[in-house]
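To keep things clear, I will list the structure first and then write my remarks on it.
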Amino acid sequence: MNLFQRLFLFFLIAIFIPLFISSLIIYMRAAHSIQKQVGEYLHKNILVTNLQVDRFLEGYEQVTLPLVTDPNVKEFVELGANQELKRYQVYSDIVDKMNQITEQNDAIDLMYIITAEGRSILSEDRYYSPLDPFPIEKVYQELSEIAPDSGKVVFKARKTMDGKIVITFTRKIRGTDFEPRGILGVDLTLSSIEEFWSMANLGERSNLMILDDEGQIIYHPDSNLFGSYVRSKTQTAMSQERSGSFISTWEEEQKFYYYQTANSTNWKTVTTIPKRELYEPISGIRIVAFTSGGLSLLLASLLAFGFTRSIVKPIHLLQQHLRKMEKGIWSKVPKLDGPAEIVSLVKSYNRMIEELKKLIDKIYHAELQNQKTQLKVQEREIEMQKNELQALQSQINPHFLYNTLETMNAYGLIKGSDEISEIADSLASMFRYSVKNLEVVTLADELDHIRSYLVIQEHRMRKNFTLKICVHPNYFDKEIVKLSLQPLVENAIEHGLKDGEALGEIKIAATMKDELFLVSVEDNGQGMSLARLHEMRRFLQTVDKESQMDGAAGIGLKNIHRRIQLLFGDKYGLQLESELGKGTRVIIKVPSNLRVEGS
């Protein structure tokens with residue numbers, strides 16, 4: 001993005017964000033206020049409805065209280081299995097009292113007493129089909145589990161065998177010994193309570209429903225929903241508090257929920273209002289806020305565009321002249337009208353052009369003079385190099401040294417001095433090999449070089465060393481780093497066999513393993529202690545050029561190790577093995593298929 005686009009975008013963001021945040025805050029506060037007002041209204045409305053229902057149910061609870069304390073009822077629940085006559089007498093009396101109560105209270109659908117032994121009294125014989133009488137055992141099991149032994153009334157909405165929902169309030173009946181002996185159940189028709197709930201509906205699209213403590217719908221304007229359960233997520237939201245509100249989805253529509261728990265039944269009275277209908281009073285505020293915000297943003301955008309253009313236009317003109325300057329066209333910017341900072345910048349640019357022209361002229365002349373001086377210096381350096389080359393050519397060169405050693409060899413043969421001849425021949429061979437401009441050589445070349453070296457060492461130290469070469473002929477053409485074996489053999493003689501062992505032996509072996517070509521140099525000398533071995537290994541692994549170690553052996557090994565790693569990589573190099581009193585073995589690890597350019 002160029003400067004104009006960035007400035008314009010910055011102004012738009014600086015205007016839009018505060019405008020958007022302020023509009024959002026106004027809308028959210030208005031929405032919160034609406035929710036709070038609706039919640040307060042629903043709280044009062046539902047509170048009145050629940051109070052009416054509680055009083056209604058408490059009235060029926062009082063109506064049935066005499067039946068629980070009736071002596072005949074207590075006697076009935078305590079009768080034994082052989083008291084048929086007595087049972088018939090109290091049965092008739094209890095049924096008469098039940099009928100009196102049901103005749104005076106239209107909301108009662110059925111009254112019944114069931115003992116723990118399975119005896120029962122119903123206010124009327126109830127058959128749901130010729131083969132399906134009132135399920136005595138099932139009802140007793142269901143109601144006895146929820147009714148407390150204290151005799152407190154418990155309300156429960158349940159579905160009868162014919163699919164009808166009734167409101168059952170039940171309590172346990174105590175005998176003369178105050179022990180629970182049976183239960184009293186009273187089924188109330190749902191229609192007797194529906195009139196209280198139906199009056200509490202708030203609007204055309206608002207609904208009121210009643211949920212029992214298990215989340216079952218026991219009342220809803222849509223009768224098809226009776227007996228169904230609300231979603232577990234909605235049930236969880238309402239289980240946190242006894243009353244409250246939240247937003248959730250019902251039938252793929254966002255709705256506002258307000259719920260309140262009744263004291264006597266522990267049922268939840270829930271009112272749902274579509275979220276769109278709830279926020280309808282503030283929809284006008286939202287439209288006005290966003291419309292005014294859009295117009296304000298448009299006007300601010302026009303002002304920002306003009307202001308940004310007035311800043312950027314002179315800068316663009318200055319930029320064009322800078323591009324010309326890059327191509328070598330030095331021109332001044334004409335006088336501009338604009339902000340003081342831009343005018344000052346243009347003046348500074350024009351002054352810079354003048355100074356640069358002067359400076360370039362000076363630099364041109366200085367550079368021209370400098371080049372003349374450098375040419376003279378280079379001519380002198382070339383002349384000095386020629387003189388130095390001539391001086392070097394006059395010194396002993398390798399060919400002169402080869403010829404001299406060959407002459408010494410010839411004189412040794414003529415004079416009958418075989419030792420001088422053998423030493424001169426070996427030294428000439430070693431020198432010729434060492435000055436070869438190669439990085440890698442064959443194993444056979446290295447072994448020949450070692451043989452020449454051992455000839456000189458045997459004459460110099462006046463003792464023989466046994467050299468065992470355990471190398472398969474197939475490995476003679478394998479390539480290793482030049483001058484890598486001779487320093488190892490020299491170390492073995494100087495450090496491993498230096499105490500003058502009469503049976504000094506050096507063994508050279510080669511093998512292939514896991515794409516590695518391994519060449520080992522082993523002596524039967526004094527070996528190294530474990531501490532010295534660890535010290536040598538650490539010294540080989542360090543890459544610090546400043547690190548040092550006592551003795552020339554470590555430096556020579558480090559030199560070979562680093563040359564191998566520089567040629568092939570860090571996973572190659574030397575490996576040390578030694579045991580005090582038994583000798584030392586140094587293993588060279590190089591790639592088995594190495595090929596180095598220039599070799």
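Computed over heavy atoms, backbone and side chain alike; hydrogens, waters and symmetry mates excluded.
Taking the side-chain hydrogen bond (donor to acceptor under 3.5 Å, both in side chains) definition, one finds that Gln216 meets it with nothing, sequence neighbours left out. In this structure, the ring-ring contact (aromatic ring centres under 6.0 Å, His included) partners of Phe517, at least two apart in sequence or on a different chain, are Tyr475. Listed by chain and residue number, Asp177, Arg181 satisfy the side-chain contact (heavy atoms from CB on, under 4.5 Å) test with Glu179 (two or more places apart in sequence, or in another chain). Residues satisfying the side-chain contact (heavy atoms from CB on, under 4.5 Å) test with Gln100, not counting sequence neighbours, are none. A search for side-chain contact (heavy atoms from CB on, under 4.5 Å) contacts involving Lys571 returns nothing, not counting sequence neighbours.
Of all heavy-atom pairs between Trp267 and Ile210, the closest is CB-CG2, 4.0 Å.
At a threshold of 4.5 Å between non-hydrogen side-chain atoms, the residues Arg158 and Val139 count as touching. In this structure the side chain of Thr170 never reaches within 4.5 angstrom of the side chain of Lys156, judged on heavy atoms.
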Task: Intermediate values then yes/no, side-chain hydrogen bond (donor to acceptor under 3.5 Å, both in side chains), Gln141 and Glu137 - done: CA-CA 6 Å; Gln141 182 69 27; Glu137 294 181 0; over 6 Å; no
- [ ] Begin with the C-alpha distance, continue with both residues' side-chain angles, and end with the deciding distance and a verdict on side chain to side chain contact (heavy atoms under 4.5 Å, CB included) for Arg537 and Leu540.
- [x] CA-CA 5 Å; Arg537 286 174 175 173; Leu540 287 181; 5.7 Å; no
- [ ] Please report the C-alpha distance between Leu188 and Leu57 in whole Å, then the side-chain angles of each, then the deciding distance to 0.1 Å, and finally whether the side chain to side chain contact (heavy atoms under 4.5 Å, CB included) criterion is met.
- [x] CA-CA 9 Å; Leu188 300 179; Leu57 295 176; 3.7 Å; yes
- [ ] Let me see the working for Phe169 and Arg171 under side chain to side chain contact (heavy atoms under 4.5 Å, CB included), right down to the final yes or no.
- [x] CA-CA 7 Å; Phe169 67 86; Arg171 67 198 318 165; 5.7 Å; no
TODO: Assess whether side chain to side chain contact (heavy atoms under 4.5 Å, CB included) is satisfied between Val73 and Val68, documenting all intermediate values.
DONE: CA-CA 7 Å; Val73 173; Val68 178; over 6 Å; no
TODO: Test side-chain hydrogen bond (donor to acceptor under 3.5 Å, both in side chains) on Arg562 and Gln565 and set out the steps.
DONE: CA-CA 5 Å; Arg562 288 301 297 157; Gln565 289 188 333; 2.7 Å; yes
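A salt bridge links Arg126 to Asp109: one of the charged nitrogens lies within less than 4.0 Å of a carboxylate oxygen.
Within 6.0 Å of CZ in Arg231 there are more than 12 heavy atoms belonging to other residues, nucleotides or ligands. More than 12 heavy atoms of other residues, nucleotides or ligands lie within 6.0 Å of CD in Glu117, so this atom counts as buried by the packing criterion.
The stretch residues 102-122 participates, sequence neighbours left out, in these ring-ring contact (aromatic ring centres under 6.0 Å, His included) pairs: Tyr112-Phe134.
Arg174 places no side-chain N or O within donor-acceptor distance of the main-chain N or O of Thr69, the cut-off being under 3.5 Å. A donor-acceptor contact shorter than 3.5 Å is absent between the side chain of His561 and the backbone of Gly573.
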